[in-house]
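When a ligand or atom number is given, it counts from 1 through the structure's own listing order.
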Amino acid sequence: MEVKTSLLDNMIGVGDMVLLEPLSEDSFIENLRKRFDHNEIYTYIGSVVISMNPYRSLPIFTPEKVEEYRNRNFYELSPHIYALADEAYRSLRDQDKDQCILITGESGAGKTEASKLVMSYVAAVCGKGQEVNKVKEQLLQSNPVLEAFGNAKTVRNDNSSRFGKYMDIEFDFKGDPLGGVISNYLLEKSRVVKQPRGERNFHVFYQLLSGASDDTLKKLKLDRDFSKYNYLSLDSAVVNGLDDAANFRTVRNAMQIVGFMEDEVQSVLELVAAVLKLGDIEFKPESRCNGTDESRIKDKNGEFDRRQTEMCELLGIEQSVLERAFSYRTVEARLEKVSTTLNVAQAYYARDALAKNLYSRLFSWLVTRINESIKVTRHKVMGVLDIYGFEIFEDNSFEQFIINYCNEKLQQIFIELTLREEQEEYVREGIEWTNIEYFNNAIICDLIENHQNGILAMLDEECLRPGTVTDETFLDKLNTICAEHQHFESRLSKNSKFLTDHSLPHNCFRIQHYAGKVLYRAEGFVDKNNDLLYRDLSQAMYKANHSLIKQLFPEGNPAKVNLKRPPTAGFQFRASVGTLMKNLQTKNPNYIRCIKPNDKKASHIFTDSLVCHQVRYLGLMENVRVRRAGYAFRQAYEPCLERYKMLCKRTWPHWRGPAREGVEVLMADLPVPAEEFSYGRSKIFIRNPRTLFFLEERRRQCLQDLATLIQKIYRGWKCRSHFLLLKKSQIVVAAWYRRYAQEKKYQKIKSATTVVQSYTRGWQVRREYRKFFRANAGKKIYDFTIQRIMQKYFLGLKSTMPSVSPIDKSWPANPYRFLDGVHTELRRIFHLWRCKKYRSQFTEEKKAVYEEKLEASEIFKDKKALYPSSVSQPFKGDYLEISKNPKYQKLHSAVDEKVLLADVVNKINRANGKGTARIFLLTKKSVVLADQKTGQVKASVPLPDLASVSVSTQSDGFFALRLKEVTSVKGDFLLSSDHLIEIITKLHRTGATAADSEQLDIDISDEFLLQFKHDKVCVKFIQGAPKNGNSVSCKRKNNRLLEVSVPTTA
Ligand SMILES: Nc1ncnc2c1ncn2[C@@H]1O[C@H](COP(=O)(O)OP(=O)(O)O)[C@@H](O)[C@H]1O
Ligand SMILES: [Mg+2]
């Protein structure tokens, strides 16, 4: 999108002086100063550009700047010379309007630089292409050539143009440059022979001497040493910052680009050399016979000869011809020819005149030659005028007069054209024209150029007048004719008005130019106007065998002798200025007014008085007034609407209708009086700068608000989009991270699963296949074998089982040693089992019998020899069947207790040992002895009275019942029975079961004591020889011993 900007943006001071408020000289200068201090060297007055010389390079002439200003409207950007160049170029290209760019200002104000900037801008923006580029180069390169020959160092400017230059650049219909025409005005040729203090001759002399090769110098017969040449001032031959040698190469190169042939360049350099050498010719007086002095060329120790010869060789002139030309002067009047000798002064005058003419003609030839190169048929033209500005020196002479005249003319045309333009614009826009008052300098121009009584006309008249003509006669003439003119002053004219002015010397006159009063010294006016070159000299030059010299002095051709005097310098100048003015009037003017800020060529210094002076004589204040007379500011409707549309709700942000209506709506909406505006056809005119500033201020405020709004929205947007981006990124990052994390986790789980799986599978497989493992085979086989062995063992055992009789002692042999424990255990179990089985067959009675048997065994086994024989005898108990046998009825009833045992025993008589049968009854409570036949109870012993029972170890049936001592009356009983074992056992059992009785002691020994009545008798059992068969014999041996002999059993 195109950015619409304006000159009014970021202004330092005001960019256009028309907007200056209040307008005064002080504020004007203050504005310039302010802008200058901020490096703003350009300021507008409407379409006029004021340019301050910065005296240093600023970064505002770059290709980027060119691009910036290209195709932009004049007021769109801050003031710049490029804006003016662009405007001029575009109206030339697009509207077919010839343009001229008028650059004025005093010496050193930057005119030449400005003209170069304009040309370089146009060169940069116009079309490109081989042909076009060549033309551009030629046009641009004409500058260094002309500057070398026409510029010099002065006190004001190190590169001061000493000629006026007007260059028409010609373009084709597309705006591409085709070529150009250069006009030069009044070269300051006096500089060739003499330079003021601190200044130097034209650059080319120094450039040639320092830059040319030795070879070239030799050809030109020159010496590198400046001091050898009279015409070169020495005090400032070397200028700081000027590299003459390098510039010489630039000039040579430029000449080549412009189209000079090698031999032409050579000829030009030869002429330059000749001028230098001419300065070294000196004269001496030589008295003649007629008494007059005649000048002769001085011969310095033969030096002259060499120089003169060299110069003549250079120019191809015969020495004698030259010598004669410097000695004689031929005056031709009608058909008469009078030859007079020249004195030394005249000879020097002639020499200098020749040098000046030679040089200035060479310069003009150069211009013509360049024109030849760049000449084309006319199309569109842009003229660039770089002419010396107004000059007011302490000592002003003919040159200043001419120059200032030229500036008067330019001012005149400026006023005319500015006003005309203004007027035309008003008409064009349909705005009512209000008359503008301004100072018209036509009256001054008239004072100078009037054909009858103008100063120039009178000077010419004086010069042409026969008789003695001096500067004084000229001044007299002025005094008589111009005395009444209000812009002319001299001592005499003042005196006539009875005014004395001591600042006005006698030989001077003063003209009040539009830019200030200038005092001219009349001295030299006549001579300079005459610009006399003796004909002998031009003829001598014409005779030269050098094509260029011949061309430069055509009047020396004897075939074309012209008795008429050549036109005077003043006349020529007036004519060329006239042509120039005519030329300019046909074109659209563009002004660049150059101002120099100080006299020191220094950057950053702004001298108020100096600037003020320039502002005055350039008529800039007038310029502003003219411009402001009607309306201070104007702007086309479109840009105006574009710029201010935000000031009104109806036009913001878009106005749909025509721009003009929009502007009208806009202005009506603002609190500005209606007379402040005029609506033209395409532009709005604003009368007062204040109104514009008001608009600007409102706009600035609006823009601030809008900027805040935009900022706000932008920031919001930026933050939002940043946030969204972050969020998006975060999601992406998170997604990737999650994916990564899950992937990792999954991998971990997967590998873990695989491990678990593999273990499980391994375990499963191992489990499945364990049986097939060799390692397990041993155990298997072992188990199996063991099983088989056990099976065999058990089966074997089954078949070889012993009988179930508990007394059977047999048990199969153990076939396997390792089963020893089992075998023994099984035997034990088996035995227990068969015993139990055997026992389970027993009845209660039988069980009791066996219990008794068992008890008997416990008591007697291995203690009494009788015992084994008792084992097989059943314990019948009631052998006598007491209850059934009526015999014992009585006895039975006497006992009235259940009889546990009833048997017949032998009661051993204590006295002799003879036995008597007795019935032995055992009940639960007592032991009863009864008579066998009668059944009469003989003794009853309650069981508790029994102390113990004694028996022998032998196989006899004797037993003694020993009573407790208290109860024993008769003493203990010694009895014998076949059923001894049964009796004792039952007795023991009964005693044991009686609740209140103690265990009955059973004493088994072969010797024991018995209490018989009062005696204690020892019963002793001995082994006796069998006497009465196997019966036991008992004998009372003494009262203390009863011996029982028991037969030994085999
Ligand atoms: N725009 C500029 N930028 C920088 N320096 C400048 C500018 N214009 C002029 N000058 C300086 O001022 C000097 C004099 O300028 P010049 O154009 O020769 O003055 P004039 O032609 O008016 O006598 C130049 O040599 C240069 O140093
Ligand atoms: Mg200049």
I'd like to check which ligand 1 atoms, numbered from 1 as shown, lie under 4.0 Å from a non-hydrogen atom of S107.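 Ligand 1 atoms under the 4.0 Å threshold to S107: 23 (O).
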Which of the numbered atoms in ligand 1 are below 4.0 angstrom from a heavy atom of Y55?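 Reading through ligand 1 atom by atom, the close ones are 12 (O).
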Could you check whether atom CZ of R56 has more than 12 heavy atoms from other residues, nucleotides or ligands sitting under 6.0 Å from it?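 Enclosed: over 12 neighbouring heavy atoms sit under 6.0 Å from CZ of R56.
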Are there over 12 heavy-atom neighbours, none belonging to K601, within less than 6.0 Å of that residue's NZ?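 Counting other residues, nucleotides and ligands, NZ of K601 exceeds 12 neighbours.
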Considering only non-hydrogen protein atoms, determine which one is nearest to [atom] and report residue, atom name and distance to 0.1 Å.
| atom | answer |
| --- | --- |
| atom 15 (O) of ligand 1 | G110 CA, 3.6 Å |
| atom 4 (C) of ligand 1 | R56 O, 3.1 Å |
| atom 11 (C) of ligand 1 | N53 OD1, 3.4 Å |
| atom 21 (O) of ligand 1 | T112 OG1, 2.6 Å |
| atom 17 (O) of ligand 1 | E113 N, 2.8 Å |
| atom 3 (N) of ligand 1 | P54 CG, 3.4 Å |
| atom 1 (N) of ligand 1 | F61 CZ, 3.8 Å |

Using a strict 4.0 Å threshold on nitrogen-to-oxygen distance, state whether [X] and [Y] make a salt bridge.
| X | Y | answer |
| --- | --- | --- |
| D168 | K587 | yes |
| R191 | E199 | yes |
| E449 | K409 | yes |

Within a distance of under 4.0 Å, is there any protein heavy atom near atom 27 (O) of ligand 1?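 Answer no: nothing from the protein, no heavy atom, is under 4.0 Å.
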Just by modelled atom types, is the F414 backbone N or O under 3.5 Å from a matching donor or acceptor in the Y591 side chain?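 At least one qualifying donor-acceptor pair exists.
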Sub-3.5 Å donor-acceptor pair from the side chain of E113 to the main-chain atoms of G110, do we have one?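 No, because the side chain of E113 does not come within donor-acceptor range (under 3.5 Å) of the backbone of G110.
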Return all protein N, O or S atoms below 2.8 Å from the Mg ion (ligand 2), chain by chain in residue order.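 Protein N, O or S atoms closer than 2.8 Å to the Mg ion (ligand 2): T112 OG1, S161 OG.
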State whether the shortest distance between N or O atoms of [X] and N or O atoms of ligand 1 falls below 3.5 angstrom.
| X | value |
| --- | --- |
| A109 | yes |
| D386 | no |
| S57 | no |
| G108 | yes |

Heavy-atom contact check, 4.0 Å cutoff: does E106 meet ligand 1?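 So E106 counts as touching ligand 1.
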Close approach of S160 to ligand 1, heavy atoms, under 4.0 angstrom: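 No, S160 has no heavy atoms under 4.0 Å from ligand 1.
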For F398 together with Y520, are the ring centres under 6.0 Å from each other?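 Between F398 and Y520, which both carry aromatic rings, the centre distance is not below 6.0 Å.
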With atom 14 (C) of ligand 1 as the reference point, say which of I103, N159, N157 has the nearest heavy atom.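 Checking each option, the heavy atom nearest atom 14 (C) of ligand 1 is found in N157.
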Does some side-chain heavy atom of Y69 sit less than 4.5 Å from a side-chain heavy atom of Y121?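 Side chain of Y121 against side chain of Y69, heavy atoms only: contact under 4.5 Å found.
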Between F202 and Y359, how do the two ring planes meet: parallel, tilted or perpendicular, split at 30° and 60°?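 The rings of F202 and Y359 lie parallel, inter-plane angle below 30°.
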